[in-house]
Each structure stands twice: as structure tokens, then as C-alpha cells.
Amino acid sequence: MAEAERIIGTPDTPDADRDGQDRDRDLRDRDGGEPAGADGTTAEAQRPRGRRRIAVLFAVAAFAYLLDLVSKMIVVEKLEHHEPIEIVGDWLRFEAIRNAGAAFGFGEAFTVIFTVIAAAVIVVIFRLARKLYSLPWAIALGLLLGGALGNLTDRIFRSPGVFEGAVVDFIAPKHFAVFNLADSAIVCGGILIVLLSFRGLDPDGTVHKD
């Protein structure tokens, strides 16, 4: 009898319990349980990290947006219809310009189209945020989102009308187009995305090699 129990095993032995847990875990994995990530963590464990990255994205976006908004309010109140202010001789000055085109003054005949593009970029960023696990990508998308929102606010609320409003530009380097802080955020975010893509880092945190 003892020999039979040794061969068959009893339900309350530690080895049997461990074997049962292993079988249950295997069944859960086969039946669509929480998948493990590249670092061995499950999707359940990755969710808090994903929420932190989303928080970083919106924090960066809010900072870029508010900085752009406040700077434009100051420029409209203090600099518009006044002489430009020289910052570094004639190499850099602040000069209030109303721009109906895209970033850096390009394409003034397509204001409505640029407005639609900016809105589409914002929607795409919100969709990407659901699977965001990379901190550098969170910063890059935050810069893009804040810059797009900054210029879209001008398009909607400034004259001559809704979706046709002229963007306030004021940073005027010598021999270069006049731009604003929203344009700077968009360009910096775009450059960062290009660098991340060259490194093979995806928004979900995975690294691939072509």
C-alpha cells in the first residue's frame, strides 16, 4: 500500500501540489493567459509602467502647450505693432508675425489643410498612447502633442476665423523663417522620433533590428 501511494502520489503532498500548479499555469498560457514580455514580466505587471509613460506624455505636452500659449499672449500684448526686440544683435530678435501657413511660414494658401493635419496628428498620438511603454517615445510624442495643440489653438481661436486663424510667430533668427515655441517642440519631437526609429526602439518598448 505504501509502495502504491509512493508511485501514484497523494493530493496533499507538496510535490503533487507543485505539479498541479505547473499544469494549471501551462493551461492558462495555452488558453490565452497574460503573456510575458521580453523581460519576463506579464501584461498585468506592465500596465502600471504603461500608465506612467502616458502620464509623462501628457505632462510634457501640457508643459509645451502652456509655455507656447503664455509666450504668444505676451507677444501679442507687448510686442505686436511695436518695433522688434534685438536679443543677440541682428542675429536673433523677437518680432511679432501672424502666419497663416505651416511651421516656419510655409504654405500660407493651405491654412485649413494644415489645421486638419494638426488635428489628425493629435488623434494619432492619442491612439499610440494606449500601447506606450517607452519613456523616450513618451517625451517625443508629448512634444509633438503640445506643439500641435499650441498651433491648433491659434488656428481655431485667432482671426480671421475658425480653422483659418493665423499662428503667432515671434522668434526671428537672421536669414531664417520666423517661428514660435510650438514649432520648436514639433521639430524637436520629430527629430527624437527619427533617432528612436534608427535605433530600432518602438513605442511599446521593444527593440528590433532590421
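- The heavy-atom pair separating Ala166 from Pro160 by the smallest distance is N-CD, 4.1 Å.
- Using a 4.5 Å cut-off on side-chain heavy atoms (C-beta onward), Leu195 and Arg199 make no contact.
- Contacts of Leu192 classified as side-chain contact (heavy atoms from CB on, under 4.5 Å), with partners at least two apart in sequence or in another chain: Ile139, Ala140, Leu196.
- Partners of Ile125 according to the side-chain contact (heavy atoms from CB on, under 4.5 Å) rule, which considers only residues two or more places apart in sequence or in another chain, are Leu57, Val121, Leu141, Leu144, Leu145.
- With hydrogens and angles ignored, the 3.5 Å screen pairs no side-chain donor or acceptor of Asp154 with any backbone N or O of Val167.
- Looking at heavy atoms from C-beta onward, Val76 lies in side-chain contact with Arg158 at the 4.5 angstrom threshold.
- In this structure the side chain of Pro84 never reaches within 4.5 angstrom of the side chain of Phe94, judged on heavy atoms.
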Take Thr206 and Tyr133 through the test side chain to side chain contact (heavy atoms under 4.5 Å, CB included) and record every step on the way to the result. CA-CA 9 Å; Thr206 59; Tyr133 293 99; over 6 Å; no
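- Contact annotation: the side chain of Leu181 never approaches that of Asp183 to less than 4.5 Å [non-hydrogen atoms, C-beta and beyond].
- Both Leu132 and Val207 are part of a single hydrophobic cluster, where members link through side-chain heavy atoms under 4.5 Å apart.
- Evaluation of the side chain to side chain donor-acceptor pair (under 3.5 Å) test over residues 122-132, restricted to residues two or more places apart or in two chains, returns none.
- Both Leu143 and Leu66 are part of a single hydrophobic cluster, where members link through side-chain heavy atoms under 4.5 Å apart.
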For Phe58 and Phe126, run ring pair (Phe, Tyr, Trp, His ring centres under 6.0 Å): C-alpha distance rounded to whole Å, both residues' side-chain angles, the deciding distance at 0.1 Å, then the answer. CA-CA 10 Å; Phe58 288 115; Phe126 273 97; 5.5 Å; yes
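- The list of salt bridge (Lys or Arg N to Asp or Glu O under 4.0 Å) pairs with a residue in residues 171-180, not counting sequence neighbours, reads Asp90-Lys174.
- Side chains of Tyr65 and Thr153: a donor-acceptor N/O pair is present below 3.5 angstrom, by distance only.
- In terms of heavy-atom proximity, Leu79 sits nearest to Ala96 at CD2-N, 3.8 Å.
- Listed here is the closest heavy atom pair of Leu201 and Gly205: CD1-O, 3.8 Å.
- Closest of all the heavy-atom pairs between Ala64 and Gly146 is CB-CA, 4.1 Å.
- The same ILVMFWY cluster, assembled from side-chain heavy atoms under 4.5 Å apart, contains both Val88 and Ile171.
- A 4.5 Å side-chain heavy-atom check between Val168 and Asn180 finds every atom pair outside the cut-off.
- In this structure, Lys72 and Asn151 have side chains that are in contact, with non-hydrogen atoms separated by less than 4.5 Å.
- Every side-chain contact (heavy atoms from CB on, under 4.5 Å) that Ala118 has, sequence neighbours left out, goes to Leu152.
- Placement of Val194 and Leu135 in two distinct hydrophobic clusters is found when ILVMFWY residues are connected by side-chain heavy-atom separations under 4.5 Å, directly or transitively.
- The nearest pair of heavy atoms linking Pro173 to Ala177 is CD-O, 3.8 Å.
- Taken from CD in Glu95 to NE2 in His82, the straight-line distance is 13.5 Å, to the nearest 0.5 Å.
- For the pair Phe170/Ile97, no side-chain contact is recorded, criterion being any heavy-atom separation below 4.5 Å from C-beta on.
- Remark: side-chain polar atoms of Asp202 are not paired, donor with acceptor, to backbone N or O of Asp204 under 3.5 angstrom.
- Evaluation of the side-chain contact (heavy atoms from CB on, under 4.5 Å) rule for Val70 yields Ile74 as partners, not counting sequence neighbours.
- Between Arg53 and Pro203, every side-chain heavy-atom pair lies at or beyond the 4.5 Å cut-off.
- Closest heavy-atom contact between Ala148 and Ile122: CB-CG1, 3.9 Å.
- Within the model, atoms CZ of Phe179 and CG of Asp169 stand 9.0 Å from one another, a figure rounded to the nearest 0.5 Å.
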For Val178 and Asn99, run side chain to side chain contact (heavy atoms under 4.5 Å, CB included): C-alpha distance rounded to whole Å, both residues' side-chain angles, the deciding distance at 0.1 Å, then the answer. CA-CA 9 Å; Val178 185; Asn99 171 27; over 6 Å; no
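- In this structure, Trp91 contributes its side chain and Glu86 its backbone to no donor-acceptor pair below 3.5 Å.
- Cluster annotation: Phe157 is connected to Leu149 through the hydrophobic network of ILVMFWY side chains, with a link wherever side-chain heavy atoms come within less than 4.5 Å.
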